[in-house]
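Counting begins at 1 with the first residue of the sequence. Quick caveat, the model's predicted, so the values are computed rather than measured.
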Amino acid sequence: MRVLLTGAAGFIGGHIRTALAARGHEVVAVDALLPSAHGSAPRTPQGINVVDVRSADAMIDVLRGIDVVCHQAAVVGAGIDADDAPAYASHNDFGTAVLLAAMHRTGCTRLVLGSSMVVYGDGRYRNAAGVTVIPPARTRQDLDAGMFDNRDPVTGQPLTWEAVDEDAPLRPRSTYAASKLAQENYALAWALSTGGSVTALRYHNVYGEFMPRNTPYSGVAAMFRSSLESGQTPQVFEDGKQTRDFVEVRDVAGANVAAIEAQLPGFGAFNICSGQPITIGDVANVLSEACGGPPPAITGNYRAGDVRHVVASPVRAECELGFRASIMPANGLRDFATMALRDCEIAGPPHV
């Protein structure tokens, strides 16, 4: 198939490009090379066309003859503060809307969308009676006192996390999360209007080779790596017991190939995860031990808006896409400790 890959020069996009080529697909690779992700004077990688998805004319040009779009272009990460909101809305939401309109005009009817687990917000929890409940937001009073677990709104007792499936309520808690949910909503509306198909892949915490080094938009695994490389102690927020699913980037690339080749109809969303929960404290410990560095420090600090636990169910992706992660966090993170990272002096926050 002839695949248009947006964000092809990025961390995930680069691995997808390699995986698609290995399967014999023809890849048309585009990237805006934003300074916030690639530096103030980025070199254009071989085979990459510099295209901003917000340019309707440029997208129409590159979409001609395309069978499926694999849309990875996005401003990523939690951001620094509320000033980043217009950039997320411009690149992620408006850019996706422009892409979808261009797909309609050129007759391209298939989209694989790089989404995120952040659309779930707080994740899913059950109380002591085994009943699923929606917890209220954690209060600053509790967080300051070191009470990090979500509480039952009736009893006040700590809640236990459950695996989140794709039918869980979507309650974004950050600017980035709101933009990723907006991408899904635009794509769903486009699919209903045009009869096209959308496969939205909700990535959980992605790590792996060529991940960008420590930036305000990096994932926590890269931040721990950066601290260890500089001889510093990894700083773990809260009590380190917050739980996530970490998925290796080669598995993420494989999930995109599976989605492209599955050619599912309509709109479908899928967790892309390892299926093996791990705490943030354990992530830091694995990396510290593998690097021979100092043990992590549990700081008790917190970031307002952070969620306590988000752990995924991998069942639907396995049943419908035939995707199952092959690299589990304990092994993958140990290998990640010595993998090459991407050096990049970012040129400030993303601009509109």
Inter-residue atom distance Leu201.CG - Phe323.CZ, 0.5 Å rounding
9.0 Å
Among pairs that include at least one residue of residues 153-164, which meet side chain to side chain donor-acceptor pair (under 3.5 Å), considering only residues two or more places apart or in two chains?
Thr132-Glu162
Other cluster members, Phe148 - Ile/Leu/Val/Met/Phe/Trp/Tyr, side-chain contacts below 4.5 Å:
Leu143, Tyr302
Going by the salt bridge (charged side-chain N to carboxylate O under 4.0 Å, His left out) test, which pairs reach into residues 258-277, not counting sequence neighbours?
Arg23-Glu261
Answer yes or no: is there a donor N or O on one side and an acceptor on the other, between the side chain of Thr279 and the main chain of Gln242, under 3.5 Å?
no
Quick check for you: to the nearest 0.5 Å, what is the distance between His15 atom NE2 and Glu248 atom CD?
7.0 Å
Using atom types as modelled and distance alone, determine if a side-chain donor or acceptor of Lys241 lies under 3.5 Å from a backbone N or O of Arg308.
no
Leu4: which other cluster members, linking ILVMFWY side chains closer than 4.5 Å, directly or transitively?
Val28, Val30, Val51, Val53, Met59, Val62, Leu63, Ile66, Val69, Leu99, Leu100, Met103, Leu111, Leu113, Tyr186, Leu188, Trp190, Leu192, Val198, Phe267
Could you pull out all residues at least two apart from Phe94 that satisfy side-chain contact (heavy atoms from CB on, under 4.5 Å)?
Arg54, Val98
Side chains of Gln183 and Thr96: donor-acceptor distance under 3.5 Å anywhere?
yes
Tell me whether Val236 is reachable from Val311 by hopping between hydrophobic residues (I, L, V, M, F, W, Y) whose side-chain heavy atoms are closer than 4.5 Å.
no
For the pair Asp149 and Leu159, evaluate side chain to side chain contact (heavy atoms under 4.5 Å, CB included) and give the outcome as yes or no after the intermediate values.
CA-CA 7 Å; Asp149 284 316; Leu159 297 170; over 6 Å; no
Between Tyr88 and Val118, is there shared hydrophobic-cluster membership here, with clusters defined by ILVMFWY side-chain heavy atoms closer than 4.5 Å?
yes
Beyond-backbone contact of His309 with Tyr125, side-chain heavy atoms, under 4.5 angstrom
yes
Through direct or indirect side-chain contacts below 4.5 angstrom among Ile, Leu, Val, Met, Phe, Trp and Tyr, which residues connect to Ile60?
none
Working for side chain to side chain contact (heavy atoms under 4.5 Å, CB included), residues Ile280 and Phe246
CA-CA 10 Å; Ile280 298 300; Phe246 279 72; 3.9 Å; yes
Counting distance only, does the side-chain N/O of Asp245 pair as donor-acceptor with the main-chain N or O of Pro277 below 3.5 Å?
no
Flag the pair Asp282 and Arg244 as a salt bridge only when some basic side-chain nitrogen lies within less than 4.0 angstrom of an acidic carboxylate oxygen.
no
Do Val76 and Phe11 have side-chain heavy atoms sitting under 4.5 Å apart?
no
Ionic contact status for Arg124 with Asp165, cut-off 4.0 Å
yes
Donor-acceptor check, side chain of Thr243 to backbone of Ile278, threshold 3.5 angstrom: yes or no?
no
Who are the salt bridge (charged side-chain N to carboxylate O under 4.0 Å, His left out) partners of Arg110, not counting sequence neighbours?
none
Separation of Gln263 CD from Asp67 CG (nearest 0.5 Å)
8.5 Å
Hydrophobic clusters here meaning ILVMFWY residues chained together by side-chain heavy-atom distances under 4.5 Å, can you tell me if Leu264 and Val257 are in one?
yes
Say whether Ile134 and Val307 are linked into one hydrophobic cluster, either directly or through other cluster members, by side-chain heavy-atom distances under 4.5 angstrom.
no
Under 4.5 Å between side-chain heavy atoms, counting indirect links through other Ile/Leu/Val/Met/Phe/Trp/Tyr residues: same cluster for Val252 and Val220 or not?
yes
Verify, without hydrogens or angle tests, whether Tyr120 (side chain) and Ala312 (backbone) share a donor-acceptor contact under 3.5 angstrom.
no
Between the side chain of Arg202 and the main-chain N/O of Ala269, is any donor-acceptor distance below 3.5 Å?
no
Crowded around Arg324 CZ? As in, over 12 foreign heavy atoms under 6.0 Å?
no
Whether the side chain of Asp251 engages the backbone of Ser326 through a donor-acceptor N/O pair (distance < 3.5 Å, no angle test) should be reported.
yes
Got a second to check how far Thr109's OG1 is from His104's NE2, nearest 0.5 Å?
11.5 Å
When you look at CZ of Arg105, are more than 12 heavy atoms from neighbouring residues, nucleotides or ligands closer to it than 6.0 Å?
no
Arg225 to Phe336 six-membered ring, cation-pi geometry met (6.0 Å, 45°)
yes
Rounded to the nearest 0.5 Å, what separation is found between the CG atom of Asn127 and the CG atom of Asn150?
12.5 Å
Report yes if the side chains of Tyr203 and Gln72 come closer than 4.5 Å at any heavy-atom pair, otherwise no.
yes
Listed partners of Pro45 passing side-chain contact (heavy atoms from CB on, under 4.5 Å), at least two apart
Ala9, Leu33, Ile48
If I take atom CD1 from residue Ile327 and atom CG from residue Asp335, how far apart are they, to the nearest 0.5 angstrom?
8.0 Å
For Cys70 and Asn256, the nearest pair of non-hydrogen atoms, with its separation, is SG-OD1, 3.3 Å
For the student: nearest non-hydrogen atoms of Pro172 and Leu181, plus distance:
CD-CD2, 3.6 Å
Under the salt bridge (charged side-chain N to carboxylate O under 4.0 Å, His left out) test, residues paired with Asp167 that sit two or more places apart
Arg316
Salt bridge (charged side-chain N to carboxylate O under 4.0 Å, His left out) involving Asp152 - partner list, sequence neighbours excluded:
none
Any donor-acceptor pair under 3.5 Å linking the side chain of Asn271 with the backbone of Pro314?
no
Are the side chain of His204 and the backbone of Met117 linked by a donor-acceptor contact shorter than 3.5 Å?
no
With Ser288 via side-chain contact (heavy atoms from CB on, under 4.5 Å) - residues at least two apart:
Leu228, Pro234, Pro296
What residues join Phe210 in its hydrophobic cluster, counting side-chain heavy atom gaps under 4.5 Å, either direct or through other members?
none
Do you know which two heavy atoms are closest between Phe224 and Ala284, and how far apart they sit?
CE1-CB, 3.6 Å
Which atom names give the shortest non-hydrogen contact between Ser115 and Glu184, and what distance separates them?
OG-OE2, 2.6 Å
Identify the heavy atoms of Asn92 and Ser179 that sit nearest to each other, and give their distance.
ND2-OG, 2.9 Å
Where Arg138 and Asp306 come nearest, the two heavy atoms and their spacing
NH2-O, 2.9 Å
Short question: side chain of Thr233, backbone of Pro294 - any donor-acceptor pair under 3.5 Å?
no
